[in-house]
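Below you'll find the structure, written out as structure tokens, and then a few comments.
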Amino acid sequence: MNLKTFTYPEEKKLKSRKLIKQVFEDGKTIKAFPLLIRYTEHEGELHKVGVSVSKRNFKTAVDRNRIKRQLREAYRLHQQELTDSGSKFAVMLIYIGRKKMPTVKIQETLSTLLKELK
RNA sequence: AGCGCAGGUCGCCCUAUCGCUGUCCCGGGAAAUCGGGAGAGAGGAAAGUCCGGACACCAUAGCACAACAUAGCGGGUAACGCCCGUCGUCCCGUCCCGAUCCCGAUAGCUAUCGGGACUAUCGGGACGGGGAAGGACCAGUGCAACAGAAAGCAAGUACAGUUCGGCUGUAGUGAAAUCGGUAAACUCUAUGUGGUGAAAUGUUAUGUAAACCAAGGCUUGAGGGUUGUGCGCCCGAUCUUGGAGGGUAAACAGAUUGAGGUUUUUGGUAACAAAAAUCCUAGAUAAAUGAUAGGGUCCCGAUUUCGAUCGGGAACAGAAUCCGGCUUACAGACCUGCUUUUUUU
RNA sequence: UGGCCUAUGGUGUAACUGGCAACACAUCUGGUUUUGGUCCAGAAGAGUCUAGGUUCGAGCCCUAGUAGGCCAA
């Protein structure tokens, strides 16, 4: 088993303002509480993934950072479930819950969502 | 030893596996970069953005007005609205004394003396523990509900005194009643503040990009130069309107070595300053500093054979140019000083 | 990162230079009507976002906070 598939370096992050705008304007949506995923195809070499947590639901920066880190970690461990399909995606993971969740649960829901994604 | 008050210090730890962001070293490669290793990686408030600076640009920064801030006195500081010391005032706290209270005695029907109680109220004093504000209503303007004769160019009740004068005192209303009160009312005095804000600013790369086309405007001055107004100063066609229209949300510097930390000595009541030695301690940018497992520590609840077992939880909170403060949030632990209570000597 | 504004009954707004917090809608009760609405009469509901301070007295003035909103890019 190749350990390299568990990395999440700079190149796999969704950072281009243009691409993000595209994802939100004409991307598709799937959701399973407490996550919502917007995604679209793009012409890069790699999948691009970003995370987002609303300030309205979590007031302190500590809570928001914690959830963003949980989301990144979950994607890092389950990203190979996305690599099977041919085309590359730009994906935004959005946390829509109002309460904090244990990491295991977030990983499970993300895993099922990633398998649905086409 | 316990309780309380004040001040200060710290603010979860260890191991393993898998990741993230810089730095350094080794090897491969022409280079982009790839592989391996070492070491570093949030706070006391990083927060609120309430003050003061550094730094950059705008006339190397000007004048007047306006506006804003501060306010005993002395000191500290780069500076401050911050800190230290000190003065008088007020409030709270602690202690003491006297009166009101109770008991007894003596004279006598109200006083004196002695003792008790320490709860409440009132008056006075001491301690210096804690807190608060601290220029000027003899410059001018304004304000004062209800009550009261009257709330400030005046008017004037009752009683008493009287040098017989609308002179003095007392009463009555009220927070305040005749050299009054009020400036966290305007204002005056003294002192200080130029504006903007790292998304400042500079360099590089790509691009035709302060670009291109049309009309207007021309040194007799349009327009601009980051201030609320006026003046002054500087630039001098860089302007205005319309049309068409490419691209980027880039990299580096600013930017992490600084009014820096620690220890010692000296000066000073102290804040703090000086000298010597020693240390290097985040630098991200859709924004790193984490996740999981196990163990420990502490707290809460239940059970209990009082040894422990089980379950739950880990305060407030996340750097964004950098410093000095202030304010606000905060589980728990430790240290120092003082008051008081109990035990022992 | 920097700057600015607002908060008053359930809702929307008033309150002059500091002096008994007012109005409309909504709510409740009664009347009118066969009933409902309309209409008429009456009642209840706040102590002004929170905590301090100045003052005889604070919605208003000062200080600190909380919540919400807006602007610059």
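Per chain, numbering begins at 1; letters A, B, ... match sequence-line order.
- Between B:A222 and B:U203, the distance separating the two P atoms is 32 Å to the nearest Å.
- Formation of a donor-acceptor pair under 3.5 Å by the A:Gln79 side chain with backbone atoms of A:Arg76 is found in this model.
- A donor and an acceptor atom never sit less than 3.5 Å apart when one is taken from the side chain of A:Arg69 and the other from the base of B:C20.
- Here the closest heavy-atom approach between residue A:Ile106 and residue A:Leu35 is recorded as O-CD1, 4.3 Å.
- Here B:G19 is the nucleotide among B:G19, B:A291, B:G318 with the atom lying nearest to any side-chain atom of A:Arg76.
- Taking atom CD1 on A:Ile106 and atom P on B:G290, their separation rounds to 17 Å, with Å as the unit.
- Of all heavy-atom pairs between A:Lys31 and A:Leu113, the closest is C-CD2, 4.1 Å.
- The glycosidic torsion of B:U238 lies within 90° of 0, placing the base in the syn range.
- We find the CD1-CG distance between A:Ile67 and A:Leu93 to be 13.0 Å, quoted to the nearest 0.5 Å.
- Counting to the nearest Å, the P atom of B:U292 and the CZ atom of A:Arg72 are 15 Å from each other.
- C:G18 takes the anti form, because its glycosidic angle lies more than 90° either side of 0.
- Residue A:Thr60 places its side chain closer to B:G318 than to any other of B:A286, B:G318, B:A291.
- We find that CG of A:Asn65 is positioned 14 Å from C1' of B:G43, with the value rounded to whole Å.
- With its glycosidic angle within 90° of 0, B:G44 is assigned syn.
- Listed here is the closest heavy atom pair of A:Gln107 and A:Ala74: CG-CB, 3.7 Å.
- Counting any heavy atom pair closer than 4.0 Å across all strands shown, A:Arg64 reaches no nucleic acid atom.
- In this structure, A:Gln70 places its CD atom 12 Å from C1' of B:U292, rounding to the nearest Å.
- Pair assignment for B:G41 gives B:C20, based on Watson-Crick or G-U wobble hydrogen-bonding distances that are each under 3.5 Å.
- Base pairing in RNA chain C yields stems of at least 3 consecutive Watson-Crick or G-U pairs, both distances under 3.5 Å, namely C:1-7 with C:66-72, C:10-13 with C:22-25, C:27-31 with C:39-43, C:49-53 with C:61-65.
- Rounded to a whole Å, the CG atom of A:Leu77 is 12 Å from the C1' atom of B:G290.
- With C1' as the reference atom, B:A1 and B:G129 are 24 Å apart, rounded to whole Å.
- Here, B:C92 and B:C122 have their P atoms 11 Å apart, quoted to the whole Å.
- Base pairing annotation: B:A190 forms a Watson-Crick or G-U wobble pair with B:U70, both donor-acceptor distances under 3.5 Å.
- In this entry the distance linking CD of A:Gln79 with P of B:C18 reads 16 Å, nearest Å.
- Map A:Ala61 and A:Val51 each onto its nearest nucleotide of RNA chain B; the residue landing nearer the 5' end is A:Val51.
- Nucleotides B:G180 and B:C138 are separated by 13 Å at their C1' atoms, to the nearest Å.
- A syn base is found at B:A42: its glycosidic angle is within 90° of 0.
- With values rounded to the nearest 0.5 angstrom, A:Leu114 atom CG is found 4.0 Å from A:Leu110 atom CG.
- Nucleotide B:C167 is matched to B:G161 when pairs are restricted to Watson-Crick or G-U wobble geometry with both distances under 3.5 angstrom.
- A:Ile94 has its CD1 atom 17 Å from the P atom of B:A286, to the nearest Å.
- By the side-chain hydrogen bond (donor to acceptor under 3.5 Å, both in side chains) test, A:Ser111 is found to be paired with A:Glu81, residues two or more places apart in sequence or in another chain being considered.
- Nucleotides of RNA chain B nearest to A:Val49 and A:Glu73 differ in position, and the one nearer the 5' end is that of A:Val49.
- A pairwise comparison of heavy atoms in A:Ile30 and A:Tyr39 identifies CG1-CE2, 4.3 Å as the closest pair.
- With both pairing distances under 3.5 Å, B:U297 is matched to B:A314 as a Watson-Crick or G-U wobble pair.
- Using atom P as the reference point in both B:U191 and B:C80, the two lie 15 Å apart (nearest Å).
- For C:G47, the base is syn relative to its sugar; the glycosidic angle is within 90° of 0.
- Spacing between B:G258 and B:A132 at atom P, rounded to whole Å, works out to 38 Å.
- B:A145: no Watson-Crick or G-U partner with both key distances under 3.5 Å is found in any strand.
- On the C1' atoms, B:U328 is 35 Å away from B:C57, given to the nearest whole Å.
- Judged by Watson-Crick or G-U wobble contacts below 3.5 Å, the nucleotide B:A270 has no partner.
- Pairing for B:A253 is with B:U201, a Watson-Crick or G-U wobble pair whose two hydrogen-bonding atom distances lie under 3.5 Å.
- Atom name P, nucleotides B:G140 and B:A175: the rounded distance is 29 Å, in whole Å.
- When the C1' atom of B:U292 is taken as reference, atom CG of A:Leu71 falls 16 Å away, rounded to whole Å.
- Inter-residue side-chain proximity for A:Arg66 and A:Arg69 is flagged as unmet; no heavy-atom pair is nearer than 4.5 Å.
- Across all strands shown, B:A302 forms a Watson-Crick or G-U wobble pair, both distances under 3.5 Å, with B:U309.
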